[in-house]
Amino acid sequence: MTERPLYDGPGTVLRITKHGEKVLKTPSKNVDFEALKPDLDDFLQNMWATMYEVRGVGLAAPQIGINDRIAVIDVRPNGKSDRLVLINPEIILREGAMTDEEGCLSLPGLYAKIQRHQKVRVRALDENGKEWERTGTGLLARAFEHEIDHLDGKVFIDHLDMVRRLKVAGVLKDLKKTWN
Ligand code: NI
């Protein structure tokens, strides 16, 4: 039995940049929506195609090699698609704390328990340039923080303390041999 693809749109699946590449460490710049507009549809289709291909729940532009403040998220609540486009996003509220296992498409194979906020409110522009705000809890809150971290040049293991970071360093070294 073959699984139904999550996405059958026109996008192109792109290579995902990996931990250690400069683009992931560089803070991204806010974009000028009007200037971006002509290329935005293609850009977003490629983001969706790339994210769904590897069954991710979020993808930030640096992960396809571009330092623009754009990310896409679909945590598929109740198994249904709920696509969010985040252009120039900012976190306007953070509350509570939760610790859960986290991974990243740019560090494939690595998972670690990371503390995040339980509730996160984001303001951003959507694909039409319209401002939206939304409060996420649980996995959506985690995705908001994780993807916006990417736009700030950070990855999830940057949240580990020194002891735990040293522990993952060995694992990372071996994993890196399997990355493309
Ligand atoms: Ni990530």
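The shown structure was predicted, so the numbers you read here are calculated from the model rather than taken from an experiment. In listed order, ligands and their atoms are each counted from 1. The residues of the chain are indexed from 1 along the displayed sequence.
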- Item | Check ion pair E145-K154 (N to O, under 4.0 angstrom) | no
- Message: Any salt bridge linking D74 with R55? Criterion: basic side-chain nitrogen under 4.0 Å from a carboxylate oxygen.
- Response: no
- Task: Output, by chain and residue number, all protein N/O/S atoms separated from the Ni ion (ligand 1) by less than 2.8 Å.
- Result: C104 SG, H146 NE2, H150 NE2
- Are any side-chain N or O atoms of R164 and backbone N or O atoms of K113, one a donor and one an acceptor, separated by less than 3.5 Å? yes
- Message: Looking only at side-chain N and O atoms, does H159 offer a donor or acceptor that is under 3.5 Å from a partner on Q115?
- Response: no
- Message: Any donor-acceptor pair under 3.5 Å linking the side-chain atoms of E102 with those of H146?
- Response: yes
- Message: A quick test of your reading: do over 12 heavy atoms of other residues, nucleotides or ligands sit less than 6.0 Å from NZ of K119?
- Response: no
